[in-house]
Amino acid sequence: MGPSESERPTLKGLTRLLAMEGRLVTAAALSATAAAALALVPFFVVARMATAIYATPPDLGTVRSLALVAAVALALRYVLVAGANVLAHVAAFRTLHALRLALAKKLGAVPLSFFGRRSAGELRKTLMDDVSQIEVFVAHHFPDAVAASVVPIATAIALLWIDWRMALASIAMAPLAVGAMAVAMRGAGAAHEQWNEIQSRTNRSLLEYLRGIQVIKTFGLSAQRFGELSRSIEEGLAWMEGFMRTNGRGYGAFGALIGSSLVVLVPLGGALYAGGTLSLDSFVLFLVLGPQLLMSLMRLMFAWGNVERIEAGNARIQAILAAPDLENAPGTARPAHDGIAFRGVGFRYDDDGPEVLHDVSFEVPAGKVTALVGPSGAGKTTLVRLVPRLWDTTSGAVELGGVDVRALPLDALLSRVSMVFQDVFLFHGTVRDNLRLARPDATDAEIDAACRAARAYDFIQALPQRYDTLLGERGARLSGGEKQRLSIARALLKDAPVLLLDEATAFADPENEARIQEALSELCAGRTVLVVAHRLSTVATADHIVVLDDGRVSDRGTHEELLARCALYQRLWKSHTDALDWSLGDTDEPPVAQEVA
Ligand SMILES: Nc1ncnc2c1ncn2[C@@H]1O[C@H](COP(=O)(O)OP(=O)(O)OP(=O)(O)O)[C@@H](O)[C@H]1O
């Protein structure tokens with residue numbers, strides 16, 4: 001995706017970026033400039049030496065002094081290059097660190113809808129690639145560009161002062177070279193945008209490919225057949241070939257022309273020298289320094305040539321940083337009790353998408369279990385997500401303890417709510433780390449107690465390093481049921497008065513299932529519970545059941561009341577008892593057991 005109007009790259013953005021470590025960046029640029037200037041000293045020395053050597057008799061004293069000057073200049077140059085490098089890298093890594101921290105903080109603060117509008121591939125590209133480019137820019141391109149701007153100008157002035165005719169001859173090839181570069185760059189801006197777009201697509205498909213690898217393997221699909229990924233890789237290759245075909249010749253001509261100033265300098269200098277209007281040392285100076293002038297010009301073009309790309313990356317970073325945070329209500333509003341109320345709630349995921357909840361109103365009384373049932377896609381999960389503000393309502397309001405959740409400071413809201421969802425995400429870290437997420441100051445005894453209540457203690461004790469066993473992608477693998485129990489332990493540790501539960505469908509293994517049931521009973525006791533119910537026992541024992549159908553409340557009451565009067569509930573119940581699972585196909589056909597409702 002190209003940058004929008006508001007995030008169009010500006011040089012101002014890069015200047016602000018450089019200003020983050022302004023002093024270090026300036027020092028690095030000054031050192032790099034001084035080093036580049038010192039690199040020219042040997043050329044002047046060689047020119048002067050030519051006269052000293054050809055003098056009769058040869059002036060060996062001057063030659064020795066000049067050699068010493070050249071040696072000192074070179075030594076100093078290396079010190080300055082090293083200094084510039086260190087300064088620029090320190091500045092770059094500090095900038096990088098600050099940007100990454102700011103981005104991580106921002107991603108934690110934006111509402112979930114932010115992620116709905118961007119693909120994971122796009123975000124990954126900005127967070128990894130664009131941020132890394134900034135490092136290269138601050139550490140390399142910027143000091144190089146400054147040195148490459150200052151030194152050719154100083155050299156040009158010096159050469160003009162020594163002999164304007166030869167100075168002009170040194171850059172005679174420049175207009176041709178610039179012309180060739182202009183040909184090479186024709187359409188490059190649009191082409192680069194296209195390149196970025198292909199890269200984003202490749203990133204996105206690669207992530208999808210990795211996430212879906214199990215499905216791909218199950219269906220025997222090879223990478224070649226995994227459409228989008230192979231297509232975008234091939235498109236990348238085609239782009240590169242096409243770009244080289246149309247722009248490669250221009251780049252080649254530029255390189256050849258920029259290195260050919262001697263073609264002009266030698267005959268002209270020879271003629272002027274023979275005519276007696278050019279001294280030998282000036283002639284030699286132009287022969288060695290003239291070509292350098294255009295070479296520096298080339299470095300300059302390359303150094304600044306990167307700016308557009310880096311600006312575009314920086315604009316994408318700044319667009320993320322400028323995204324509005326999830327509004328955190330100021331003040332000290334606190335819920336008066338632990339009951340939840342939905343008042344005329346309407347919701348759509350996208351501004352221009354369909355409304356998935358329509359005018360939903362009901363109450364979840366404090367200290368009671370309220371079950372949400374309904375066919376798949378009715379909006380049960382969506383509704384539950386509105387309570388902790390994972391999303392905000394489009395119309396109407398969700399209240400906790402009589403206060404609109406948007407009017408509660410986020411910490412006041414989130415400290416009162418625990419969530420146990422079907423997909424349990426475990427971070428790379430130990431079992432203990434994963435548990436302590438819920439309450440960082442939990443004591444070992446509290447952790448033990450929570451794990452026992454969640455029926456997780458025994459399997460944790462059986463792990464190779466017990467609580468210190470690593471979990472997550474590169475750690476031990478837990479079964480689905482074990483993960484569920486760990487997440488219940490996490491919720492028990494948090495000990496929040498409101499529990500939002502998206503029940504997993506029954507586990508095949510009855511022993512696992514029974515343990516989860518016990519753990520959940522412990523967790524639900526004495527709390528306000530809103531549960532997306534999939535289990536017979538949960539539904540039958542809930543204090544209150546709300547039937548949701550196509551984003552609307554279709555009926556509510558107790559199990560007996562609904563069974564007596566609600567046709568949809570009767571149908572759901574029948575299919576559930578038929579399948580021995582609360583598997584909610586909105587049909588009379590027996591649904592497949594284990595289907596997630
Ligand atoms: N992130 C999302 N972006 C856009 N639409 C979504 C998103 N998540 C869910 N939906 C849509 O919202 C509607 C309600 O989905 P939801 O998951 O809340 O239903 P559900 O009743 O929980 O279904 P199930 O029991 O199958 O989980 C569906 O039409 C679904 O396609």
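When a ligand or atom number is given, it counts from 1 through the structure's own listing order. The first residue in the sequence is number 1, and the count goes up from there.
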[X] versus ligand 1: do any nitrogen or oxygen atoms come within less than 3.5 Å of each other?
{"X": "Asp350", "answer": "no"}
{"X": "Arg385", "answer": "no"}
{"X": "Trp391", "answer": "no"}
{"X": "Gly379", "answer": "yes"}

Exercise for review: Enumerate the atoms of ligand 1 whose separation from the nearest heavy atom of Thr382 is less than 4.0 angstrom.
Suggested key: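 Selected atoms, number and element: 14 (C), 15 (O), 16 (P), 18 (O).
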Point to revise | Distance filter under 4.0 Å to Val356 heavy atoms, resulting ligand 1 atoms | key: 12 (O), 13 (C)
Check your understanding: Taking the six-membered ring where the residue is Trp, are the ring centres of Phe459 and Tyr457 under 6.0 Å apart?
Key -> no
Practice item. Would you check if Ile545 and His559 make a side-chain contact, meaning some heavy-atom pair closer than 4.5 Å? Key: yes
Review point. Under 3.5 Å, is there a donor-acceptor pair linking the side chains of Thr430 and Asp433?
Key: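 The answer is yes; a qualifying pair exists.
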Exercise for review: Using the test salt bridge (Lys or Arg N to Asp or Glu O under 4.0 Å), find all partners of Glu561 that sit at least two apart in sequence or belong to another chain.
Suggested key: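 Residues passing salt bridge (Lys or Arg N to Asp or Glu O under 4.0 Å) with Glu561: none at all.
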Check your understanding: Is it the side chain, the backbone, both or neither of Thr381 that has a heavy atom closer than 4.0 Å to ligand 1?
Key -> both
Practice item. Check the angle between the aromatic planes of Tyr569 and Trp573 and answer parallel, tilted or perpendicular using the 30° and 60° thresholds. Key: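 Geometry flag for Trp573 against Tyr569: parallel rings.
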**Study point:** side chain to side chain contact (heavy atoms under 4.5 Å, CB included) partner of Thr370, chosen from His544, Arg556, Glu363
**Key:**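 It is His544, the one option of His544, Arg556, Glu363 that forms the side chain to side chain contact (heavy atoms under 4.5 Å, CB included) with Thr370.
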